[in-house]
Amino acid sequence: MVEFKRVSHVFGSSWALKDVSFALDKGGFLFLTGHSGAGKTTLLRLMYAGLPLKRGHASVAGFDLRKLRRGHVPELRRRVSVIFQDFKILAQRSVFDNVALALEVRGVSRQHLERRVRAIVRALGLENKSYTRCGHLSGGEQQRVAIARSMVVNPKLILADEPTGNLDADLSTDLINIFKQFNSYGTTVIMATHNRHILDMVPDAHVLHLENGQVTETTLPNQAPAEPGGLL
Ligand SMILES: Nc1ncnc2c1ncn2[C@@H]1O[C@H](COP(=O)(O)OP(=O)(O)OP(=O)(O)O)[C@@H](O)[C@H]1O
Ligand SMILES: [Mg+2]
């Protein structure tokens with residue numbers, strides 16, 4: 001589903017990623033870990049073509065990122081859903097509208113759309129807020145809207161950047177269970193997180209640990225760490 005070979009990324013004169021290689025099979029669950037500034041968001045941005053791949057090679061959901069033309073980016077984004085660290089939801093629009101928008105832009109019929117939006121909004125415990133403007137929601141509620149919006153389209157791959165950052169322990173557990181459920185239906189999940197408790201909740205998941213833009217530890221098979229070091 002995702003393969004990176006010797007990928008590096010530089011912002012100005014600072015290296016955000018150095019020589020990152022890994023492969024994740026379809027249906028896998030991968031955590032990206034590492035301190036703030038380690039390169040997690042940069043790696044996710046490359047995966048959804050939010051940054052151009054200039055060094056190394058990578059393929060995501062069947063797309064060769066090195067050869068990806070601008071015109072093909074929407075096609076990639078139909079298969080790959082992203083949950084951003086800062087949500088990027090529309091504050092003036094309701095929960096229902098924010099989630100529905102993801103289906104509207106894909107041309108889904110109104111009847112099908114209403115059914116799917118209601119089901120996912122319920123699954124995320126937001127049904128009594130369906131018609132509330134997102135600007136009036138708490139941080140954790142907004143985060144759940146962002147998650148509902150990414151999941152409602154049934155993506156092949158979900159990229160989630162710290163999706164539990166604003167949630168308390170109970171909600172984080174519920175949320176991870178939702179990700180696990182989608183994963184068990186075949187959706188590949190890649191999630192950046194600082195939180196060790198979240199890792200413990202998905203014991204079968206793989207881990208890719210970054211330090212200063214380099215992979216220092218990983219449980220993915222056939223992946224040599226950048227520097228000698230034990231597996232997690
Ligand atoms: N647009 C940018 N311009 C310049 N430097 C950037 C940019 N985005 C990220 N960086 C730098 O690249 C490095 C990696 O940043 P990145 O956002 O990928 O880290 P992160 O692991 O996601 O951190 P956090 O846990 O705080 O979200 C950092 O040193 C950061 O300052
Ligand atoms: Mg980040």
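Below, each value reflects all heavy atoms present in this structure, side chains not excepted, and no hydrogens, waters or symmetry copies. We number each residue from 1, following the sequence as shown.
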**OP:** Check whether any side-chain heavy atom of Val189 lies under 4.5 Å from a side-chain heavy atom of Leu30, and answer yes or no.
**Re:** no
Between Leu210 and Ala38 the two heavy atoms that sit nearest each other are O-CB, 3.4 Å
* Please examine the side chains of Val60 and Leu65, heavy atoms only from C-beta on, and report whether any two atoms are closer than 4.5 Å. => yes
Would Arg196 and Leu199 count as a side chain to side chain contact (heavy atoms under 4.5 Å, CB included) here? Give the steps. CA-CA 5 Å; Arg196 279 225 69 94; Leu199 265 65; 3.8 Å; yes
TODO: Answer yes or no: is there a side-chain heavy-atom contact under 4.5 Å between Phe31 and Val202?
DONE: yes
CG (Asp161) and CD1 (Ile83) are apart, to the nearest 0.5 Å, by 9.5 Å
**Asked** Heavy atoms, side chains only, cut-off 4.5 Å: are Leu43 and Val7 in contact?
**Response** no
Side-chain donor/acceptor pairs under 3.5 Å, residues 118-130, sequence neighbours excluded:
| residue | atom | partner | partner atom | Å |
| --- | --- | --- | --- | --- |
| Arg118 | NH1 | Tyr131 | OH | 3.1 |
| Arg118 | NH2 | Glu114 | OE1 | 3.2 |
| Ser130 | OG | Glu127 | O | 3.3 |

On a heavy-atom basis, the closest approach of Leu17 and Gly39 is CD2-O, 3.6 Å
### Message
Counting C-beta onward and ignoring hydrogens, is there a side-chain heavy-atom pair between Arg106 and Val153 closer than 4.5 Å?
### Response
yes
- Message: Please evaluate residues Arg110 and Glu104 with respect to the criterion side chain to side chain contact (heavy atoms under 4.5 Å, CB included), reporting the C-alpha separation (whole Å), side-chain torsions for both, the decisive distance (0.1 Å), and the verdict.
- Response: CA-CA 8 Å; Arg110 192 74 206 171; Glu104 276 166 18; 3.3 Å; yes
Heavy-atom closest pair (Leu53 atom, Gly56 atom, distance to 0.1 Å) is CD2-O, 3.7 Å
field: Flag side-chain contact, heavy atom, 4.5 Å: Leu103 against Val152
entry: yes
**Request:** Answer whether the closest heavy-atom distance between the side chains of Arg79 and Phe63 falls below 4.5 Å.
**Result:** yes
Between side-chain atoms of residues 169-181 and protein atoms elsewhere (two or more places apart, or another chain), which donor-acceptor pairs fall under 3.5 Å?
| residue | atom | partner | partner atom | Å |
| --- | --- | --- | --- | --- |
| Ser172 | OG | Asp168 | O | 3.0 |
| Thr173 | OG1 | Ala169 | O | 2.9 |
| Asn177 | ND2 | Thr173 | O | 3.2 |
| Lys180 | NZ | Met201 | O | 2.8 |
| Gln181 | NE2 | Tyr185 | OH | 3.1 |

| Exam field: side chain Glu211 to backbone Gly34, donor-acceptor pair closer than 3.5 Å | no
Here the gap from Ile198 atom CD1 to Thr164 atom OG1, rounded to the nearest 0.5 Å, amounts to 3.5 Å
Check your understanding: Should we count CG of Asn212 as having more than 12 external heavy atoms under 6.0 Å?
Key -> no
Sorted by chain and number, sequence neighbours left out, side-chain hydrogen bond (donor to acceptor under 3.5 Å, both in side chains) with Arg55 holds for none
### Shared hydrophobic cluster for Leu90 and Leu113 (ILVMFWY, side-chain gaps under 4.5 Å)
no
For residues 2-15, the side-chain hydrogen bond (donor to acceptor under 3.5 Å, both in side chains) pairs (sequence neighbours left out) are Arg6-Asp19
Here the gap from Lys26 atom NZ to Thr187 atom OG1, rounded to the nearest 0.5 Å, amounts to 9.0 Å
Between Leu44 and Ala160, the two heavy atoms sitting closest are CD1-O, 4.0 Å
When you measure from the side chain of Lys40 to the backbone N and O of Met191, does any donor-acceptor pair fall under 3.5 Å?
no
| said: Using only atom types and a distance under 3.5 Å, with no angle test, would you say the side chain of Gln143 pairs donor to acceptor with the backbone of Pro163? | reply: yes
In short, Ser150 meets Val82 closest at the heavy-atom pair CB-O, 3.9 Å
**Study point:** Side-chain donor/acceptor of Arg149 to backbone N/O of Phe87, under 3.5 Å
**Key:** yes
Taking every heavy atom of Ser94 against every heavy atom of Asp97, the minimum-distance pair comes out as OG-N, 3.0 Å
Are Val2 and Ile190 close enough, and set up right, to give a side chain to side chain contact (heavy atoms under 4.5 Å, CB included), and what steps lead you there? CA-CA 10 Å; Val2 179; Ile190 301 184; 3.9 Å; yes
message: Keeping Ser59 on the side-chain end and Asp64 on the backbone end, is there a donor-acceptor pair under 3.5 Å?
response: no
Side chain to side chain contact (heavy atoms under 4.5 Å, CB included) assessment of Val207 paired with Glu217
CA-CA 8 Å; Val207 178; Glu217 291 179 77; over 6 Å; no
Here the gap from Thr188 atom OG1 to Met1 atom CE, rounded to the nearest 0.5 Å, amounts to 4.0 Å
Salt bridge (charged side-chain N to carboxylate O under 4.0 Å, His left out) pairs touching residues 80-90, sequence neighbours excluded, are Asp86-Lys88
One should read off an interatomic distance between Thr33 OG1 and Asn195 CG, to the nearest 0.5 angstrom, of 11.5 Å
Can a side-chain donor-acceptor contact be found between His112 and Arg115 if the only test is distance below 3.5 angstrom? yes
In Thr219, Asp25, Thr218, the residue satisfying side chain to side chain donor-acceptor pair (under 3.5 Å) with His206 is Thr219
Listing, residues 68-77 side-chain donor-acceptor contacts under 3.5 Å, not counting sequence neighbours, or none:
| residue | atom | partner | partner atom | Å |
| --- | --- | --- | --- | --- |
| Arg77 | NE | Tyr48 | O | 2.8 |
| Arg77 | NH2 | Tyr48 | O | 3.0 |
| Arg77 | NH2 | Ala49 | O | 3.2 |

Can you confirm whether Leu32 sits close enough to Thr193 that some side-chain heavy atom of one is under 4.5 Å from a side-chain heavy atom of the other? no
dist Arg116:CZ -> Gln111:CD (nearest 0.5 Å) comes out at 14.0 Å
